[in-house]
Trainee: 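The structure is given below, and queries will be raised subsequently.
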Amino acid sequence: MQNSEIVLIGGSGKTGGRIAARLEQLGLSARKTSRSTTPAFDWEDRSTWRGALTGATSAYVAFQPDLAVSWAAEAIDALSKIAKECGLQHIVLLSGRGEEGAQRSEEALRAAGIDYTILRASWFCQNFSEGAFLEPLLGGRLQLPADDVREPFIDAGDIADAAVAALTDIRHRNKIYELTGPRALTFREAVAEIAAASGRSIEYEQVSMTDFKDGLAAAGMPESVIALLEELFGEVLDGRNSQVMGGVRDILGRPASDFSQYVRETAATGLWSA
Ligand SMILES: NC(=O)c1ccc[n+]([C@@H]2O[C@H](COP(=O)([O-])OP(=O)(O)OC[C@H]3O[C@@H](n4cnc5c(N)ncnc54)[C@H](OP(=O)(O)O)[C@@H]3O)[C@@H](O)[C@H]2O)c1
């Protein structure tokens with residue numbers, strides 16, 4: 001890994017931030033990039049891409065807002081080609097499970113003629129502490145259009161460990177890893193664990209898609225984000241991704257960490273008790 005520079009697209013995010021910290025601990029050179037860095041990288045402004053990639057030998061790519069959006073595959077195709085022109089040798093793509101847009105994006109990367117590692121991740125545990133579910137949890141009630149479908153939530157720390165392995169060990173090139181937690185829970189069970197660990201009463205309520213969308217619109221959520229959530233909850237969350245997969249063990253040689261561990265550690269910070 002000498003004379004290499006890793007660029008982290010989305011480097012301040014839930015996964016990118018953890019990857020940056022791990023690479024720094026290893027003494028490896030990593031550069032975070034997003035809209036707020038110099039040089040900036042904006043998925044919605046292609047004129048920024050070349051400047052952000054120049055000088056790097058490999059990249060970690062966390063697309064925004066989600067590979068499920070219609071323009072994602074075309075963006076990943078264009079990014080992979082520019083990366084190749086800039087001399088990058090390897091791209092690690094954070095992907096999603098069971099999403100048509102994610103699959104098309106993976107195909108675009110694989111066809112680009114650059115080494116790849118695809119990390120297909122289940123829903124992150126951190127959605128409950130660093131994402132959209134935090135505010136409702138703090139308010140005492142999470143309302144989602146999800147019934148008893150089970151999701152094997154994965155810890156973003158495991159994704160970061162997998163990404164670091166992929167970025168630093170050539171044996172992980174041109175491979176796809178399906179990363180999930182070791183246990184599939186319903187959203188109701190997940191909220192119950194969080195409530196118990198934080199010593200608070202937090203309810204989970206299943207709502208209709210219409211009520212869900214109306215609630216988001218009333219809270220000022222942009223139309224594009226509402227459409228994305230409708231696709232994720234209405235189509236992707238139908239049980240197709242409930243199966244626990246062995247990708248964490250395959251790439252890291254250890255089991256994935258359990259949702260309970262995430263809940264214990266996060267509750268201990270006092271985040272959910274506020
Ligand atoms: N959450 C899940 O459960 C889940 C599951 C599977 C896959 N994924 C995938 O994970 C990816 C997100 O990764 P993450 O959760 O690590 O990131 P994140 O925490 O959502 O955000 C990362 C950073 O992206 C930057 N960003 C936002 N809009 C941008 C834009 N237009 N151009 C460039 N940067 C932008 C922001 O920094 P600035 O404000 O500085 O730009 C933000 O700090 C998505 O592709 C999603 O599909 C998520």
Side-chain angles (χ1 to χ4, degrees), residues 7-22 31-49 51-53 59-73 75-76 78-79 91-106 108-109 118-134 144 146 149 151-164 176-181 184-185 187 190 222 224-225 227-229 231-233 235-237 240-242 245 247-248 256 259 262:
V7 66
L8 304 172
I9 298 178
S12 55
K14 292 187 283 301
T15 56
R18 287 173 168 83
I19 296 166
R22 283 160 170 75
R31 178 160 45 92
K32 298 182 189 183
T33 188
S34 64
R35 294 167 304 180
S36 54
T37 57
T38 308
F41 179 98
D42 187 344
W43 283 107
E44 297 188 38
D45 179 2
R46 288 190 189 181
S47 70
T48 62
W49 296 5
L53 291 171
Y60 171 77
V61 176
F63 180 75
Q64 287 291 334
D66 191 291
L67 291 176
V69 301
S70 59
W71 53 279
I76 295 297
L79 180 87
I91 289 180
V92 177
L93 176 67
L94 175 60
S95 185
R97 299 173 75 210
E99 294 173 16
E100 210 181 292
Q103 277 157 18
R104 281 201 311 273
S105 302
E106 292 177 8
L109 171 59
I118 290 165
L119 303 178
R120 250 183 225 156
S122 54
W123 285 56
F124 303 172
C125 301
Q126 280 74 11
N127 292 332
F128 294 96
S129 48
E130 298 168 35
F133 301 158
L134 176 60
L144 295 175
V149 68
E151 178 66 21
F153 297 100
I154 183 160
D155 196 293
D158 282 345
I159 300 173
D161 284 343
V164 169
I176 299 175
Y177 293 97
E178 199 129 351
L179 307 178
T180 75
L185 295 87
F187 282 85
S224 57
V225 181
L228 175 62
L229 289 172
E231 178 171 349
L232 292 178
F233 279 102
E235 289 180 34
V236 182
L237 207 67
R240 73 184 74 171
N241 293 334
S242 293
M245 304 297 283
V248 171
F259 189 73
Y262 155 77

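When a ligand or atom number is given, it counts from 1 through the structure's own listing order. Predicted model, so just to flag it, every value in this text is computed and none were measured.
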Trainee: Going by the atom numbers of ligand 1, which of them fall below 4.0 Å from some non-hydrogen atom of Leu67?
Mentor: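 Checking each atom against Leu67, I get 47 (O).
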Trainee: May I have the step-by-step check of side chain to side chain donor-acceptor pair (under 3.5 Å) for Gln126 and Asp155, ending in yes or no?
Mentor: CA-CA 7 Å; Gln126 280 74 11; Asp155 196 293; 3.1 Å; yes
Trainee: Which ligand 1 atoms does Asn127 reach within 4.0 Å, using its non-hydrogen atoms?
Mentor: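 Numbered from 1, ligand 1 contributes 1 (N), 2 (C), 3 (O).
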Trainee: Where does Ala156 meet ligand 1, judged by heavy-atom distances below 4.0 Å: at the side chain, the backbone, both, or neither?
Mentor: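 Neither; no heavy atom under 4.0 Å.
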Trainee: Provide the number and element of each atom of ligand 1 under 4.0 Å from a heavy atom of Phe63.
Mentor: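 Near Phe63, meaning under 4.0 Å from one of its heavy atoms, ligand 1 has 11 (C), 12 (C), 44 (C), 45 (O).
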Trainee: For the 3.5 Å polar cut-off, considering only N or O atoms, please tell me whether Phe124 and ligand 1 meet it.
Mentor: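 Between Phe124 and ligand 1 (N or O atoms, distance only) the closest approach is under 3.5 Å.
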Trainee: Looking only at heavy atoms of Ser12, does any of them come nearer than 4.0 Å to an atom of ligand 1?
Mentor: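 Under 4.0 Å: yes for Ser12.
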Trainee: Under 4.0 Å from any heavy atom of Ser122, which atoms of ligand 1 are there?
Mentor: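 So the answer, numbered in order with elements, is 5 (C), 6 (C).
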Trainee: Answer with side chain, backbone, both or neither: which part of Pro65 has a heavy atom less than 4.0 angstrom from an atom of ligand 1?
Mentor: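 Pro65 to ligand 1: backbone contact only, side chain stays beyond 4.0 Å.
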Trainee: Looking only at protein heavy atoms, which one is nearest to atom 29 (C) of ligand 1, and how far off is it?
Mentor: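 The answer is Arg35 NE, 3.4 Å.
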Trainee: Suppose we measure from atom 10 (O) of ligand 1 to each protein heavy atom; which comes out shortest, and what is that distance?
Mentor: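 In this structure, atom 10 (O) of ligand 1 has Leu94 CD2, 3.2 Å as its nearest protein heavy atom.
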Trainee: Short list, please: which atoms of ligand 1 are under 4.0 Å from a heavy atom of Ala121?
Mentor: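 Those qualifying, in numeric order: 6 (C).
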Trainee: Give a yes/no on ligand 1: does Ser95 have at least one heavy atom closer than 4.0 angstrom to it?
Mentor: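 Right, Ser95 reaches ligand 1.
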Trainee: Can you tell me how the ring of Phe41 sits relative to the ring of Trp43, calling it parallel under 30°, perpendicular over 60° and tilted otherwise?
Mentor: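 Correct class here is perpendicular.
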